[in-house]
2 protein chains.
Amino acid sequence: MIGRVKRTVTIDDVAREAKVSTSTVSYVLSGKRPISAPTRKRVEQAIAELGYRPHAGARALASSRTNTIALMVPLRVGVNVHVIMEFVGGVVARARDFSHDVLLLTQDDVSGLDRVTSGSIVDALVMMDVEADDPRVPVVAAADQPSVLIGLPADPEGLSCVDLDFEAAGRLAVRHLAAAGHQEIGLIGAPPEVMARHTSYADRLLRGFRTQAELAGVAIRVEPCEASPAGGRAAVDRLLAKAPGTTGLLVHNEGALPHVLARLAETGRQPDVVALCPADVAAAQTVPLAHIELPAEAIGRTAVDMVMARLEGEVPAETRLLAPALIQPRPAS
Amino acid sequence: MIGRVKRTVTIDDVAREAKVSTSTVSYVLSGKRPISAPTRKRVEQAIAELGYRPHAGARALASSRTNTIALMVPLRVGVNVHVIMEFVGGVVARARDFSHDVLLLTQDDVSGLDRVTSGSIVDALVMMDVEADDPRVPVVAAADQPSVLIGLPADPEGLSCVDLDFEAAGRLAVRHLAAAGHQEIGLIGAPPEVMARHTSYADRLLRGFRTQAELAGVAIRVEPCEASPAGGRAAVDRLLAKAPGTTGLLVHNEGALPHVLARLAETGRQPDVVALCPADVAAAQTVPLAHIELPAEAIGRTAVDMVMARLEGEVPAETRLLAPALIQPRPAS
DNA sequence: ATGAAAGCGCTAACAG
DNA sequence: CTGTTAGCGCTTTCAT
């Protein structure tokens with residue numbers, strides 16, 4: 001013990017301590033070949049005793065696997081802060097299940113894509129908030145490692161995609177409201193910029209909403225909405241001014257939702273409201289609220305599952321659209 | 001061109017193409033020794049032509065630097081979603097300025113700390129939302145790489161810390177309200193769980209608030225507050241029930257803020273309100289609002305600056321508490 | 001079931 | 001100012 005200098009423990013130290021070869025240690029770690037029980041036991045003991053940790057870089061160099069996936073997140077603060085957090089949580093948790101870490105990239109960091117698609121930095125990539133005609137898509141499609149997109153670009157170019165089926169959600173909302181007898185319904189949706197960017201989900205929701213409204217023969221009115229208290233109130237006022245007969249409403253704007261509800265209450269109108277949001281956001285409102293669930297965490301987990309599947313075997317790219325579900329509020333007690 | 005197989009281009013390929021040695025290529029990349037202009041030019045051209053990207057793992061192995069920092073984030077959805085996002089944005093942006101990437105760790109992932117403090121995975125660690133008596137602090141303090149904490153543990157154990165000076169913020173709020181003539185003031189603060197955990201910032205804010213109130217001779221009432229619409233309303237009601245004479249209020253709860261304001265308006269009382277929150281959150285409210293700014297992004301950037309400084313030279317650990325500033329709303333036009 | 005040894009791609013002495 | 005070369009710590013053939 002005297003004079004022992006603290007040095008990083010390597011696989012060779014472990015091998016020496018366990019009186020086996022380095023390759024044996026490597027194999028008990030990876031499980032890639034059978035090891036006799038006693039040998040395994042000795043190795044494991046040595047590892048524990050020495051507190052051995054494989055060196056990530058060395059591993060990456062030798063195996064060309066980094067055990068890291070990149071996650072590109074829209075870090076600009078916007079409508080969906082809450083949704084984004086849930087989503088990220090899902091990704092990180094699931095990645096850990098596959099012994100992978102998560103490297104955080106921001107949406108606007110274009111050079112991040114280059115760095116990451118160069119190969120040596122991560123094994124795979126998950127990209128949030130894809131727009132209909134997203135310039136990042138071709139870049140990612142040309143990369144070596146598997147990627148999955150959250151959202152649905154116009155042309156996925158052979159990439160995997162996951163998302164809530166927003167189009168079906170739009171239809172579902174209209175069906176629900178029409179069935180309740182409403183003849184004029186409204187949509188209070190994403191902020192104008194998001195609409196203008198043709199962010200995939202906003203477009204798809206709108207399409208479903210329109211299609212079904214036509215089918216059901218109900219009149220609709222669509223209002224973009226800033227994700228602020230004032231924005232929510234203003235959107236309500238605009239909507240009611242232009243379409244005073246509105247009696248049913250779909251709200252897809254987490255940030256504005258409480259204020260939309262508050263403003264509606266003030267006006268004395270009590271239209272039938274359906275929100276499109278995570279369950280806990282719906283539950284947090286002051287009034288019981290029908291909502292179509294936005295399963296952000298589940299989408300995150302699924303994204304990782306898909307990307308891992310592609311990493312393992314030669315599964316083809318696929319698009320998964322999760323079916324929306326409308327949840328009625330629990331009857332007031 | 002015929003039969004050319006796509007292989008990763010290495011530093012040797014670049015060296016060959018530029019007719020120099022590998023070390024020269026390495027040195028033009030790192031700038032760690034002088035290179036003649038023509039040589040540098042040839043190398044840079046070769047790099048561009050071949051689309052060369054250094055292999056991160058190889059680099060890490062040879063240099064024992066990963067160019068990655070870990071960021072431990074409270075991913076549970078809570079009061080501060082907005083604040084967290086800003087903070088993370090600051091960290092990622094500043095890290096890029098130092099050519100570093102960010103590895104995302106979640107607060108509850110204890111094994112993540114082990115993995116990361118083992119050394120080979122990241123160069124440094126930034127940890128958010130530190131509690132007064134945080135079990136992670138000793139672990140991190142014992143690690144090899146530099147770390148900085150957001151928050152202020154009871155015993156920093158030689159670690160660097162950054163945060164808003166919440167204690168000063170508490171005092172500032174009281175001074176401001178007392179100067180405006182209020183004799184009874186209230187604090188609507190963090191959710192009960194956060195208070196109970198003794199999350200560093202909540203404790204410090206409270207301490208400053210109490211101290212200054214005593215000094216100024218004003219009566220105070222403190223209410224924890226759930227970060228939901230209902231929670232905000234309930235907190236207002238509780239506060240006014242117990243201390244009906246309250247005419248000044250400090251609100252430190254981003255999620256509940258709009259609903260606190262709404263409820264106050266409903267009750268017809270118009271107490272003087274100061275919010276503790278990021279500037280844009282204050283600006284997003286329906287009414288002009290005095291606020292003490294929570295410079296989340298700046299704190300994030302500072303954290304990275306500090307950790308990088310420690311990575312470079314042998315600077316000692318330090319604690320930086322950013323002075324709070326109270327911003328008056330712009331007079332209504 | 002286990003070992004020996006050849007790299008993986010890069011950095012940083014050491015030598016001019 | 002530039003080149004040679006010995007590792008960094010691990011995985012993975014190829015032997016046995």
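Sequence lines set the chain letters: A, B, ... in the order given, protein chains first and strands last, and positions in each chain run from 1.
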Rounded to whole Å, how long is the line connecting atom [atom1] of [X] with atom [atom2] of [N]?
X     : N      : atom1 : atom2 : value
A:I35 : C:dT2  : CD1   : P     : 6 Å
B:L61 : C:dC10 : CG    : P     : 12 Å
A:R16 : C:dG3  : CZ    : C1'   : 15 Å
B:K41 : D:dT2  : NZ    : P     : 15 Å
B:D12 : D:dA6  : CG    : P     : 15 Å
B:D13 : C:dC8  : CG    : P     : 11 Å
B:R53 : C:dC10 : CZ    : C1'   : 16 Å
A:R40 : C:dA1  : CZ    : P     : 10 Å

Does a side chain donor of either B:R310 or B:Q145 reach within less than 3.5 Å of an acceptor in the other side chain?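 Side-chain D/A pair, B:R310 to B:Q145: absent.
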Is there a donor-acceptor pair closer than 3.5 Å between any side-chain N or O of B:S200 and the backbone N or O of B:L152?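 Yes, because the side chain of B:S200 sits within donor-acceptor range (under 3.5 Å) of the backbone of B:L152.
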On DNA chain D, more 5' by nearest nucleotide between B:A37 and A:T10 is B:A37
Could you tell me which non-hydrogen atom of A:G112 sits nearest to which non-hydrogen atom of A:R115, and how far apart they are? CA-NH2, 3.0 Å
Which atom pairs, donor and acceptor, lie under 3.5 Å between side-chain atoms of residues 47-58 of chain A and protein residues at least two apart or in another chain?
residue: A:H55; atom: ND1; partner: A:G57; partner atom: N; Å: 3.0
residue: A:H55; atom: ND1; partner: A:A58; partner atom: N; Å: 3.0

B:L125, B:V116, B:V137, B:T117 screened by side chain to side chain contact (heavy atoms under 4.5 Å, CB included) with B:S147, the one that passes: B:L125
Below the 4.0 Å mark, does C:dG3 have OP1 or OP2 next to a side-chain nitrogen or oxygen of A:S21?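 Yes, A:S21 has a side-chain N/O under 4.0 Å of OP1/OP2 on C:dG3.
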For nucleotides 11-15 of chain D, print each protein N/O atom paired with a nucleotide N/O atom at under 3.5 Å, atom names and distance only.
residue: D:dT11; atom: OP1; partner: A:R59; partner atom: NE; Å: 2.8
residue: D:dT11; atom: OP2; partner: A:S26; partner atom: OG; Å: 2.9
residue: D:dT12; atom: OP2; partner: A:K32; partner atom: NZ; Å: 3.2

Sidechain N-carboxylate O distance under 4.0 Å for A:R320, A:E318: yes
Once you apply a heavy-atom cut-off of 4.0 Å, does B:S64 come out as touching a base, just sugar-phosphate, or nothing?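 Answer is nothing: B:S64 stays at 4.0 Å or more from every strand.
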Provide the full list of salt bridge (Lys or Arg N to Asp or Glu O under 4.0 Å) pairs with a residue in residues 22-42 of chain B, sequence neighbours left out, each pair given once. B:R40-B:E44
